[in-house]
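Structure record follows, encoded as structure tokens.
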Amino acid sequence: MTKLYKAPRGTTDVLPDDQPYWDRVWEASARICGLFGYRRIETPVFEEASLFARGVGEVTDIVQKEMYVFQDRGGQQLALRPEGTAPVCRAYLEHGMHNLPQPVRLWYWCPIFRYDRPQAGRYRQHTQLGCEAIGEADASVDAEVIELLFRIYEELGLQGLTLHLNSIGDPTCRPRYLEALRGYYADKLKRLCNDCEARYQRNPLRLLDCKQDRCQPVIAGAPPFTDYLCDACADHFARLRSYLEDVGIGYLLNPRLVRGLDYYTRTVFEFQPQEGGAQSTVGAGGRYDGLIEELGGRSTPGIGWATGIERIVLNLKRQELAVGEPPRPRVFVAFQTADARSQSFRLASDLRREGIAAVVAAGERSLKAQMRHADALGAEYAAIIGKRELADGAATLRRLADGHQEMVPLADVAGRVNQ
RNA sequence: GUGGGCGUCGCCUAGUGGUCUAAGGCGCCAGGUUGUGGCCCUGGAGAUCGAGGGUUCGAAUCCCUCCGUCCACCCCA
């Protein structure tokens with residue numbers, strides 16, 4: 001016996017029983033994105049690898065250890081999309097979208113690939129819904145995209161999400177802050193965990209969200225970025241908060257919120273559920289005013305977010321939120337003898353053409369077995385064709401809920417079902 | 001990539017060195033007479049106990065390696 005294949009590590013099958021959850025998230029997303037004037041874009045599953053190295057940042061974990069990189073037969077270095085923003089910005093540039101009214105409002109729903117260690121709610125192939133508003137720096141756009149994501153969660157009925165908000169400045173003020181942060185940490189290095197010693201050199205912002213107990217007291221005393229923002233960034237942040245208050249969206253100022261992608265400037269935010277472990281951030285995003293330029297375009301501001309569909313579905317299930325009923329046939333067509341077979345096959349076909357979901361018995365099974373099957377599928381009616389029906393050009397239509405049944409001419413079955 | 005928990009039929013679970021050529025429930029399939037479901041009854045298929053190696057007279061049960069999964073990190077949605 002040969003080995004059974006399994007889905008590769010970190011990948012998952014979305015089975016029919018799960019589809020109602022996915023349908024619901026898709027429906028809410030598409031509708032509300034449309035409501036906010038966002039239009040859907042699809043980009044390829046793979047891109048030139050260097051797009052991500054340039055866009056996301058050469059030294060980020062995503063690029064250094066999580067990208068699926070491969071060479072195609074023509075020798076090109078390609079990468080399976082590890083995040084959604086850089087490709088959308090590439091498309092913005094490639095298709096001259098700066099000629100459209102700004103900002104350009106886009107949303108997407110696509111698979112994302114990261115070679116990570118899998119956990120619940122974390123997959124090597126997962127699906128992200130995201131939006132990008134490109135071409136306008138005003139804080140109202142920051143508030144708009146946050147509200148958009150908030151409304152999607154609200155529509156889905158997700159409870160207990162907290163919006164964490166922070167500003168990590170821009171090239172004017174960030175160096176000043178990093179200097180202050182390094183200064184603060186300089187005499188505390190021996191109290192830190194090993195990771196943080198490395199962070200101090202490489203990526204001091206990351207010192208702020210270390211999870212180690214021993215680092216917490218040091219973090220607690222660290223200067224908050226908001227005290228070091230330049231006037232323009234401080235003003236932007238204040239206006240964003242004011243807009244959020246205008247539309248009734250509560251938030252938690254979290255001076256320790258930093259993001260792992262290099263392109264973020266000013267606004268960063270995350271939606272975190274109350275429970276569900278440390279890997280549970282369900283949606284996150286921020287402003288990336290330098291990204292388009294980094295990718296070779298003119299200086300163009302942008303902001304966006306991404307949210308993990310698998311994590312949303314996980315939370316929907318955790319909250320036992322009801323989703324739509326799974327689809328079931330209205331009519332199950334059963335037959336008694338082999339000579340009634342083609343008649344029942346035709347009846348099922350006719351019913352479907354009338355828009356009635358119909359399934360016909362397959363194989364050689366007793367009528368009893370067929371009826372069991374009809375019940376198991378949750379059909380509303382069983383249409384039975386036996387000798388008598390065959391002779392009369394009719395079918396016995398049985399309502400499964402109460403067992404009421406009568407013989408109906410074949411031509412009238414659809415009408416009777418729809419009554 | 002690091003550390004830890006777990007891994008028995010499709011699903012849930014019993015069994016922790018011999019009575020296990022592995023038990024039960026759900027689900028699946030078939031019957032309960034002669035054209036019919038749901039309840040009930042009966043029967044059946046389905047697991048070499050994640051894989052490989054070792055210890056032992058003997059292993060699902062102990063050890064090692066690998067794989068998978070879950071948790072905490074790294075990092076991220």
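Residue numbers begin at 1 in each chain, while the letters A, B, ... track the order of the sequences. Any value given below was found using the heavy atoms of this structure, including those in side chains, with hydrogens, waters and symmetry copies removed.
Remark: aromatic rings of His164(A) and Tyr251(A) are distant, center separation not under 6.0 Å. Checked against the 6.0 Å centroid threshold, Tyr177(A) and Phe225(A) count as a close aromatic pair.
Closest approach to the Ala120(A) side chain among C75(B), C70(B), G38(B) is made by C70(B) (side chain taken as heavy atoms from C-beta onward). Closest to the side chain of Arg388(A), from the set G35(B), C71(B), G37(B), is G35(B). Nearest nucleotide to the Ala369(A) side chain, out of A30(B), U36(B), A77(B): A30(B). When each of A77(B), C73(B), C29(B) is scored by its nearest atom to the side-chain atoms of Arg365(A), the top-ranked nucleotide is C29(B).
In this structure, the CD atom of Gln370(A) is 11 Å from the P atom of G31(B), given to the nearest Å. Whole-Å rounding puts the Asn194(A) CG to A72(B) P distance at 21 Å. Rounded to an integer number of Å, the gap from CZ of Arg124(A) to P of C75(B) is 18 Å. Across the protein-nucleic acid pair, Glu364(A) atom CD and C29(B) atom P stand 16 Å apart, rounded to whole Å. In this structure, CG of Asp61(A) is placed 15 Å from P of C73(B), rounded to the nearest angstrom. Per the geometry, CG belonging to Leu149(A) stands 11 Å off C1' belonging to A77(B), to the nearest Å. Taking atom OH of Tyr5(A) as the reference point, atom P of C67(B) lies 18 Å away to the nearest angstrom. Gln119(A) has its CD atom 16 Å from the P atom of G5(B), to the nearest Å.
Distances shown here put a side-chain N or O of Arg9(A) below 4.0 Å from the OP1 or OP2 atom of U69(B). Close to C74(B), at under 4.0 Å from its OP1 or OP2, lies no side-chain N or O of Arg117(A). Residue Gln336(A) has no polar side-chain atom (N or O) positioned under 4.0 Å from OP1 or OP2 of U36(B). The side chain of Ser366(A) contributes an N or O atom lying less than 4.0 Å from OP1 or OP2 of G31(B). Of the side-chain N and O atoms in Lys65(A), none sit less than 4.0 angstrom from OP1 or OP2 of C75(B). Regarding contacts with the backbone of C73(B), every side-chain N or O of Arg206(A) stays at 4.0 angstrom or more from both OP1 and OP2. Of the side-chain N and O atoms in Lys368(A), one or more sit less than 4.0 angstrom from OP1 or OP2 of G37(B).
As judged by a 4.0 angstrom heavy-atom cut-off over every strand, Glu270(A) is placed among residues making no nucleic acid contact. Looking at heavy-atom distances under 4.0 Å, Ala374(A) makes no contact with the nucleic acid at all. Among the atoms of the strands shown, none is found under 4.0 Å from any heavy atom of Gly285(A). Counting non-hydrogen atoms under 4.0 angstrom, Tyr123(A) reaches a base of the nucleic acid. Among the protein residues, Gly403(A) comes within range of the nucleic acid bases, having at least one heavy atom under 4.0 Å from a base atom. Using a 4.0 Å heavy-atom distance criterion, Glu389(A) is classed as a base contact. Residue contacts shown for Ile312(A) are absent, as no nucleic acid heavy atom lies under 4.0 Å away.
Judged by closest nucleotide on RNA chain B, Ala401(A) is the one of Ala284(A) and Ala401(A) placed further toward the 5' end. Where Ala7(A) and Leu400(A) each meet RNA chain B at their nearest nucleotide, the meeting point lying more 5' is that of Leu400(A).
The pairing partner recorded for G44(B) is C28(B), the criterion being a Watson-Crick or G-U wobble arrangement whose two distances lie under 3.5 angstrom. Pairing of U2(B), defined by two Watson-Crick or G-U wobble distances under 3.5 Å, is identified with A72(B). Pair check for U65(B) finds A51(B); Watson-Crick or G-U wobble, both atom distances under 3.5 Å. Using Watson-Crick or G-U wobble geometry with both donor-acceptor distances under 3.5 Å, C39(B) finds no partner in any strand shown. A22(B): no Watson-Crick or G-U partner with both key distances under 3.5 Å is found in any strand.
G15(B) and A47(B) have their C1' atoms separated by 14 Å, given to the nearest Å. G50(B) and U8(B) are spaced 6 Å apart, taking the P atom of each and rounding to whole Å. Spacing between C26(B) and G17(B) at atom P, rounded to whole Å, works out to 30 Å. C6(B) and A45(B) have their C1' atoms separated by 30 Å, with the value rounded to a whole Å. For the C1' atom pair drawn from G44(B) and U2(B), the interatomic distance equals 50 Å after rounding to whole Å. Between C41(B) and G24(B), the two P atoms lie 15 Å apart (nearest whole Å). Of the P atoms belonging to U16(B) and G52(B), the separation is 24 Å, rounded to the nearest Å. Look at the C1' atom in both A23(B) and G46(B): the space between them is 14 Å, to the nearest Å.
Between the side chains of Gln125(A) and Thr11(A), no donor-acceptor pair is found at a separation under 3.5 Å. Checked by atom type, the side-chain pair Gln272(A)/Thr162(A) shows no donor-acceptor distance below 3.5 Å.
Ring-plane geometry between Phe271(A) and Tyr153(A) is classed as perpendicular, the angle between the planes exceeding 60 degrees on a 0 to 90 degree scale with a lower cut at 30. Ring planes of Trp107(A) and Trp26(A): tilted class, angle from 30 to 60°. Under the 30°/60° scheme for interplanar angles, the aromatic rings of Phe70(A) and Phe46(A) are found to stand perpendicular.
Here His126(A) counts as stacked on A77(B): its ring centre is under 5.5 angstrom from the base ring centre and the planes meet at under 30°.
A donor-acceptor contact under 3.5 angstrom links the side-chain atoms of Asp375(A) to the base of G37(B). Side-chain atoms of Arg372(A) stay outside donor-acceptor range of the base of G38(B), with no qualifying N/O pair under 3.5 Å.
Between Lys317(A) and Asp18(A), at least one side-chain nitrogen of the basic residue sits less than 4.0 Å from a carboxylate oxygen of the acidic one, meeting the salt-bridge criterion.
Checked options His95(A), Arg39(A), Met97(A); the residue passing with Val104(A) is Met97(A) (criterion: side chain to side chain contact (heavy atoms under 4.5 Å, CB included)).
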